[in-house]
Amino acid sequence: MLFRIDPASSVPLGDQIAGCVRAAIADGAIRAGERLPSARELARSLGVNMHTVLRGYQQLREEGLLELRRGRGAVVTGGASPRRARLTAQAREFVAEARALGMSDGEVLDLVRNSLAVGAS
């Protein structure tokens with residue numbers, strides 16, 4: 001798997017790393033059960049701090065896409081499907097666009113709740 005980051009981007013490096021993994025899952029380039037490079041190894045190859053890589057991996061763990069195990073590293077979970085990875089990326093884009101429009105978290109949540117209510121009818 002190839003990781004590409006842009007140090008000049010306004011997107012934090014940890015978010016870029018998480019985005020690379022999300023995209024690879026969405027494209028089917030990596031699948032459930034596959035191990036990712038260790039945080040130390042990836043940090044060295046990208047020329048970033050190990051904690052930056054760990055922040056990206058932690059995001060993915062919180063999204064249910066990775067398991068982090070001491071001594072075993074980062075492993076793509078069984079729940080990490082390409083569709084889920086794409087949906088997660090779309091949700092992040094939605095939130096970023098809503099924030100760019102100046103919407104508060106409450107307004108964003110109301111918008112999602114209303115969309116869910118319409119979809120349930």
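Below, all heavy atoms of this structure are taken into account, side chains as well, without hydrogens, waters or symmetry copies. The structure presented is a predicted model; accordingly, all values stated were derived computationally and were not measured.
- Within the 4.5 Å cutoff, side-chain heavy atoms of Val21 are placed close to those of Leu36.
- Judged purely by atom type and a 3.5 angstrom limit, Arg55 has no side-chain atom pairing as donor or acceptor with the backbone of Gly14.
- Remark: Glu107 engages Met103, Ser104 in a side-chain contact (heavy atoms from CB on, under 4.5 Å) (not counting sequence neighbours).
- No chain of hydrophobic side-chain contacts below 4.5 Å, direct or via other Ile, Leu, Val, Met, Phe, Trp or Tyr residues, connects Leu101 to Leu109.
- With Asp15 contributing its side chain and Val11 its backbone, the two residues share no donor-acceptor pair below 3.5 Å.
- Closest approach of Val108 and Ala98 over heavy atoms only: CG2-CB, 3.5 Å.
- Cys20 and Arg4 make their closest contact through SG-O, 3.3 Å (heavy atoms, listed as atom of the first residue, atom of the second, distance).
- Not counting sequence neighbours, the partners of Ile5 by the side-chain contact (heavy atoms from CB on, under 4.5 Å) test are Leu13, Gln16, Ile17, Leu46, Val48.
- The side-chain heavy atoms of Arg22 and Glu63, taken from C-beta on, include a pair separated by under 4.5 Å.
- With Val95 as reference, Arg99 is the one residue of Glu93, Arg92, Arg99 to meet the side-chain contact (heavy atoms from CB on, under 4.5 Å) rule.
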TODO: Check step by step if side chain to side chain contact (heavy atoms under 4.5 Å, CB included) holds for Leu111 and Phe94.
DONE: CA-CA 11 Å; Leu111 183 61; Phe94 169 76; 3.6 Å; yes
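- For the pair Ala26 and Arg86, the tightest heavy-atom approach, listed with the atom from each and the gap, is O-NH1, 2.8 Å.
- Without hydrogens or angle criteria, Asp27 side chain to Ala29 main chain gives no donor-acceptor distance under 3.5 Å.
- Between Ala39 and Leu54 the shortest heavy-atom distance is CB-CD2, 3.5 Å.
- In this structure, Thr88 OG1 and Glu62 CD are separated by 12.0 Å, a value rounded to the nearest 0.5 Å.
- Between Leu60 and Ala18, the shortest heavy-atom distance links the atoms CD2-O, 3.7 Å.
- In this structure the side chain of Gln58 reaches within 4.5 angstrom of the side chain of Leu68, judged on heavy atoms.
- In this structure, Arg83 CZ and Gln90 CD are separated by 10.5 Å, a value rounded to the nearest 0.5 Å.
- For the residue pair Tyr57 and Leu42, the shortest heavy atom distance occurs at OH-CD2, 3.6 Å.
- Within the 4.5 Å cutoff, the side chain of Glu34 has no heavy atoms near those of the Val75 side chain.
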